[in-house]
Amino acid sequence: MTVTQTTTEAQILEWTEQLCEALAENYKRYHYRGMTQDPTFADSAYGKQQVKEMNEGTAKLMRFRIQPGKKYLKIIQQDFDTYNNINEYRDGGVHAFVDKQTGQIYKPAGWRGPAKHVRYDLRDQKNREFVLNPDNVGWSGGWLYMR
């Protein structure tokens, strides 16, 4: 493996980490709007507690992690869960796949692999600026559908 490949792979991993942060921030904004603008939650003790925890940075919100594979970096959505008196983050589903060599982003076809068509390319500056902006990427994955 050459130095250029290693450097490219490291850069793609860094961009993928930034994408995970953008997705988590998008979810945080979505959750905050729901807790403050929906009358069902805005006036409830639960809604007020959620807003307080988000403001303090202690809320157990959805997050995204990277699981490296042979060819792809798998972005996995995680939800905080309490099961059998154990509080922990649990994997929910695959959000996207990123090719480790090319930086191309794919919508998942399932847990094991991506759909056929490239959705975005992290090496392209305009694509990268778009996907690393929390206003553009939705935590639910709608941004990965072909246009």
Show the nearest heavy-atom pair for residues [X] and [Y], with the distance to one decimal.
X	Y	value
Cys20	Ile75	SG-CG2, 3.8 Å
Leu61	His31	CD2-CD2, 3.4 Å
Ala96	Pro108	CA-CD, 4.0 Å

Next on the checklist: Under the criterion side chain to side chain contact (heavy atoms under 4.5 Å, CB included), I'd like the reasoning laid out for Ile12 against Lys100: C-alpha separation, chi angles, the key distance, then a yes or no.
Outcome noted: CA-CA 7 Å; Ile12 290 169; Lys100 292 165 67 170; 5.6 Å; no
Item to check | Contacts of Tyr32 that satisfy ring pair (Phe, Tyr, Trp, His ring centres under 6.0 Å) - sequence neighbours left out | outcome: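 Tyr32 satisfies ring pair (Phe, Tyr, Trp, His ring centres under 6.0 Å) with no other residue.
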Next on the checklist: Restricting to ring pair (Phe, Tyr, Trp, His ring centres under 6.0 Å), what partner residues turn up for Tyr106, sequence neighbours left out?
Outcome noted: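 If we apply the ring pair (Phe, Tyr, Trp, His ring centres under 6.0 Å) test to Tyr106, skipping adjacent residues, the hits are Tyr72.
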Of all residues at least two apart in sequence or in a different chain, which pass the side chain to side chain donor-acceptor pair (under 3.5 Å) check with [X]?
X	answer
Gln67	Arg65
Thr82	Asn87
Glu129	Gln125
Trp143	His95

Next on the checklist: Quick check on side chain to side chain contact (heavy atoms under 4.5 Å, CB included): which of Leu73, Val118, Val131 does Ile105 satisfy it with?
Outcome noted: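 Exactly one pass, corresponding to Val131.
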Item to check | Verdict with supporting geometry, Gln50 and Phe41, side chain to side chain contact (heavy atoms under 4.5 Å, CB included) | outcome: CA-CA 9 Å; Gln50 287 289 298; Phe41 295 112; over 6 Å; no
Checklist entry - Between Asn26 and Pro134, is there a donor-acceptor pair closer than 3.5 Å when you use the side chain of the first and the backbone of the second? => result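 Indeed, once roles are kept as given, a pair shorter than 3.5 Å links the two residues.
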Checklist entry - Are the side chain of Asn127 and the backbone of Tyr120 linked by a donor-acceptor contact shorter than 3.5 Å? => result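 Between the backbone of Tyr120 and the side chain of Asn127 there is no qualifying donor-acceptor contact (under 3.5 Å).
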Checklist entry - Apart from Phe80 itself, what residues make up its hydrophobic cluster when side-chain heavy atoms of I, L, V, M, F, W and Y under 4.5 Å apart count as a link, directly or indirectly? => result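 So far as hydrophobic clustering goes, Phe80 is joined with Tyr89.
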Checklist entry - Relative to the ring of Tyr30, is the ring of Tyr27 parallel (under 30°), tilted (30 to 60°) or perpendicular (over 60°)? => result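 Tilted, since the angle between the ring planes falls between 30° and 60°.
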Results of salt bridge (Lys or Arg N to Asp or Glu O under 4.0 Å) for [X] - residues two or more places apart only:
X	value
Asp81	Arg90
Glu25	Arg29
Arg123	Asp121
Lys48	none

If you measure from [atom1] on [X] to [atom2] on [Y], what distance do you get to the nearest 0.5 Å?
X	Y	atom1	atom2	result
Ile76	Trp111	CD1	CH2	4.0 Å
Gln18	Glu21	CD	CD	6.5 Å
Asp99	Glu9	CG	CD	9.5 Å
Trp139	Gln77	CH2	CD	6.5 Å
Thr40	Met35	OG1	CE	9.5 Å
Gln104	Asp124	CD	CG	11.0 Å

Item to check | Linked, directly or transitively: Phe64 and Phe130 (ILVMFWY side chains, under 4.5 Å) | outcome: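 Looking at the clustering, Phe130 is in the same group as Phe64.
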Next on the checklist: Applying a strict under-4.5 Å side-chain criterion to I, L, V, M, F, W and Y, I'd like to know whether Met54 and Leu23 cluster together.
Outcome noted: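 In one cluster: yes.
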Next on the checklist: Suppose the criterion is salt bridge (charged side-chain N to carboxylate O under 4.0 Å, His left out): which pairs have a residue in residues 103-112, not counting sequence neighbours?
Outcome noted: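 Every candidate salt bridge (charged side-chain N to carboxylate O under 4.0 Å, His left out) pair involving residues 103-112 fails, so no pair, neighbours aside, qualifies.
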Item to check | Candidate pair Met146 and Arg119, rule side chain to side chain contact (heavy atoms under 4.5 Å, CB included), full reasoning | outcome: CA-CA 7 Å; Met146 294 185 76; Arg119 298 325 202 252; 3.3 Å; yes
Checklist entry - Are Thr8 and Gln101 side-chain neighbours, meaning at least one heavy-atom pair lies under 4.5 Å? => result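 In short, these two side chains do not touch, never coming nearer than 4.5 Å.
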